[in-house]
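Just so we're on the same page: letters track the sequence lines, and every chain starts at 1.
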Protein chains: 2
Amino acid sequence: MTRTPSQAQDSDNDALPRQQRTYTIGELAQIFEVTPRTIRFYEQEGLLAPSRQGQKRIYREKDRVRLKLTLRGKRLGFSLAEIREVVMMYDAMPDGNARQLKRLLELLAEKRANLERQLEDIRLMRLEIDDVDQRARDVLRQLEDTP
Amino acid sequence: MTRTPSQAQDSDNDALPRQQRTYTIGELAQIFEVTPRTIRFYEQEGLLAPSRQGQKRIYREKDRVRLKLTLRGKRLGFSLAEIREVVMMYDAMPDGNARQLKRLLELLAEKRANLERQLEDIRLMRLEIDDVDQRARDVLRQLEDTP
DNA sequence: CAAGCACTTTACGTTAACGTAAACCTCGTC
DNA sequence: GACGAGGTTTACGTTAACGTAAAGTGCTTG
C-alpha cells in the first residue's frame with residue numbers, strides 16, 4: 001500500500017481537501033456501514049444522484065452529505081419517501097416559486113413537530129428504562145444477598 | 001345514550017377507577033387511533049395478552065399501558081421484536097434468575113445508548129431544519145419584495 | 001324475529017427496504 | 001493472459017407490519 005509519486009492519475013484521493021475528494025460506492029459503504037446495495041437503492045429512490053465515469057458511480061462531497069442525512073433520517077424512523085420529499089424541495093429551493101417555498105415551510109414545520117414529539121417520547125422512555133433498571137438491580141441484589 | 005340505573009351488569013365502565021376499568025378492542029383502538037387489526041396483530045406477536053370473556057377480548061389497565069408503550073416505541077423507530085424483548089423480560093423479572101436479570105440490564109443499556117444517539121440525531125436535524133427554514137424564508141422575501 | 005352492530009377467526013394481499021444471486025465489464029497484477 | 005477485486009445491471013426473494021375481505025358469533029333493539 002506504499003505509494004510512489006509517479007503513480008498519479010487521480011489517486012491520492014483521500015489526501016485531497018474534502019470538497020474535491022471523491023468516493024467509490026464501496027468506500028461510502030464502508031464509511032457509513034451500509035452495503036453498496038443500499039446506496040444504489042437510495043439512488044433508485046431519488047435520494048442520490050452521483051455522477052458517472054464510464055459506468056462507475058462517482059460520489060462527491062455533496063452525495064456523502066446527502067447519504068449522511070438520509071441515514072440520520074432513517075435512524076429517526078422516517079421513511080425514504082419522507083426524506084426524499086424534504087431533500088428534493090431543498091434542491092428545488094433556489095429557483096422555487098412562492099407556492100413551492102410555502103409548501104416547503106409547511107413541510108419543515110411538520111417535521112419539527114414530529115421531532116418534538118420524539119423528544120417527549122424519548123424523555124418518557126428514558127424514565128421507564130431507568131425505573132426498570134432500578135427494579136432489576138434491586139431484585140438482583142436481593143438474589144445475591146440471600147444465597 | 002342515556003343510561004337507566006337498572007341496565008347494570010357490567011356497564012358504566014368508564015365511570016370506574018382506572019385500575020378496574022376494562023376496554024373492548026374497539027375502545028382501545030379509538031383511544032390510540034389504531035385499527036383493531038393492529039391490536040390483534042400485537043397480541044399475535046406476543047406484545048399483549050388480554051383475558052377473554054367467551055371469545056371476546058377484555059383489556060385491562062395493564063394492557064392499555066403496554067399498548068401505549070408499544071406505540072411509543074414504534075414512534076421511535078423500534079421494531080416490534082425489540083419492544084417485545086424488553087417487555088417480556090420486564091414481565092419475567094420478579095422470578096428471574098441472575099443471568100436473565102443481567103441480560104435485561106444489558107438490554108436496557110443498549111436501549112439507552114440508542115436513545116442517546118437519537119437525541120443527538122434530533123439535535124442535528126433540528127439545526128438543519130432551522131437552516132433550511134431560514135434560507136427558504138429569505139428566498140421567499142426576495143421573491144415578494146421584487147415583483 | 002330480523003336487522004344491525006361489534007366482535008371473532010382465517011387467510012390472502014400489500015408495501016417498504018433492502019438481500020441475494022447470476023452474469024457481465026474493467027482494471028492492475030502475477 | 002489468467003485472475004482476483006471491485007464495479008455494473010437485472011431480477012427475483014424476503015421480512016416486517018399491517019390492510020382487506022369473507023364468513024361466522026352474540027347481543028339488543030325496533
Side-chain angles (χ1 to χ4, degrees), chain A residues 1-4 6-14 22-59 63 67 70-85 87, chain B residues 1-4 6-14 22-59 63 67 70-85 87:
Chain A
M1 262 307 192
T2 54
R3 193 75 62 64
T4 66
S6 59
Q7 241 209 359
Q9 180 86 11
D10 63 355
S11 348
D12 268 313
N13 212 333
D14 38 351
T22 69
Y23 308 82
T24 69
I25 198 171
E27 287 169 344
L28 266 195
Q30 268 209 337
I31 294 177
F32 291 107
E33 301 184 299
V34 297
T35 70
R37 169 64 171 128
T38 297
I39 299 183
R40 290 197 197 96
F41 181 72
Y42 289 174
E43 174 177 354
Q44 177 182 325
E45 294 300 297
L47 287 163
L48 298 173
S51 49
R52 300 284 181 125
Q53 169 174 292
Q55 76 171 352
K56 286 186 64 175
R57 277 165 252 252
I58 304 291
Y59 297 89
D63 302 307
L67 180 52
T70 300
L71 294 174
R72 181 178 296 153
K74 285 234 63 190
R75 283 198 302 272
L76 291 176
F78 293 109
S79 72
L80 294 184
E82 289 176 291
I83 297 170
R84 177 182 45 203
E85 204 176 7
V87 164
Chain B
M1 265 303 193
T2 53
R3 194 74 61 66
T4 66
S6 60
Q7 244 207 354
Q9 180 87 10
D10 63 356
S11 345
D12 268 313
N13 213 332
D14 38 351
T22 70
Y23 307 82
T24 70
I25 198 171
E27 287 169 344
L28 267 195
Q30 268 209 337
I31 293 177
F32 291 106
E33 300 184 302
V34 299
T35 70
R37 168 65 170 130
T38 297
I39 299 182
R40 290 198 197 98
F41 181 72
Y42 289 174
E43 175 177 354
Q44 178 182 325
E45 295 300 298
L47 288 162
L48 298 174
S51 51
R52 299 285 180 125
Q53 170 174 293
Q55 77 170 353
K56 287 187 63 177
R57 277 165 252 252
I58 303 291
Y59 297 89
D63 303 307
L67 180 53
T70 299
L71 293 174
R72 181 177 298 153
K74 285 234 63 190
R75 284 198 301 272
L76 291 177
F78 293 108
S79 72
L80 294 185
E82 289 176 291
I83 298 171
R84 178 182 43 202
E85 205 175 6
V87 164

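- Note on A:Tyr42: every side-chain N or O is 4.0 Å or more away from OP1 and OP2 of C:dA17.
- Between D:dG19 and B:Thr38, a contact under 4.0 Å exists linking OP1 or OP2 to a side-chain N or O.
- Straight-line distance from the OH atom of A:Tyr23 to the P atom of D:dG7: 15 Å, rounded to whole Å.
- The nearest whole Å value for the distance from the CG atom in B:Leu80 to the C1' atom in C:dA16 is 15 Å.
- Within the 4.5 Å cutoff, the side chain of A:Tyr23 has heavy atoms near those of the A:Ile31 side chain.
- A pairwise comparison of heavy atoms in A:Ile58 and A:Pro50 identifies O-CB, 3.4 Å as the closest pair.
- One can place CZ of B:Arg52 at 15 Å from C1' of C:dA6, the figure rounded to the nearest angstrom.
- Side-chain contact check for A:Leu80 versus A:Phe41: some heavy-atom pair is nearer than 4.5 Å.
- Rounded to whole Å, atom C1' of D:dA17 lies 17 Å from atom CZ of B:Arg75.
- Counting heavy atoms from C-beta outward, A:Glu43 and A:Tyr59 have side chains that approach closer than 4.5 Å.
- Residue A:Lys56 places none of its side-chain N or O atoms closer than 4.0 Å to OP1 or OP2 of C:dC27.
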Between protein and nucleic acid, restricted to nucleotides 20-27 of chain D and to nitrogen or oxygen atoms under 3.5 Å apart, what atom pairs and distances do you find?
| from | atom 1 | to | atom 2 | distance (Å) |
| --- | --- | --- | --- | --- |
| D:dT20 | O4 | B:Arg37 | NE | 3.4 |

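- In this structure, CG of A:Leu71 is placed 13 Å from C1' of C:dC18, rounded to the nearest angstrom.
- Rounded to an integer number of Å, the gap from A:Gln53 CD to D:dT8 P is 11 Å.
- Heavy-atom minimum distance, B:Ile39 versus B:Ile25: CD1-O, 3.8 Å.
- Listed nucleotides C:dC7, C:dC18, D:dT8 differ in distance to A:Phe41; the shortest reach to its side chain belongs to C:dC18.
- Protein atom CZ of A:Phe78 is 16 Å distant from nucleotide atom C1' of C:dA16, rounded to whole Å.
- Listed here is the closest heavy atom pair of A:Thr35 and A:Ala29: C-CB, 4.1 Å.
- In this structure, the side chains of A:Val34 and A:Tyr42 stay at 4.5 Å or more apart for every pair of heavy atoms.
- Using a 4.0 Å cut-off between a side-chain N of Lys or Arg and a carboxylate O of Asp or Glu, B:Lys74 and B:Glu45 do not qualify as a salt bridge.
- Consecutive Watson-Crick or G-U pairing (both distances under 3.5 Å) extending over three or more pairs maps onto DNA chain C as C:1-30 with D:1-30.
- For the pair A:Leu28 and A:Leu67, the tightest heavy-atom approach, listed with the atom from each and the gap, is CD1-CD2, 4.0 Å.
- Here B:Thr24 reaches the OP1 or OP2 of C:dC7: one of its side-chain N or O atoms lies under 4.0 Å away.
- Rounded to an integer number of Å, the gap from A:Leu28 CG to D:dT8 P is 11 Å.
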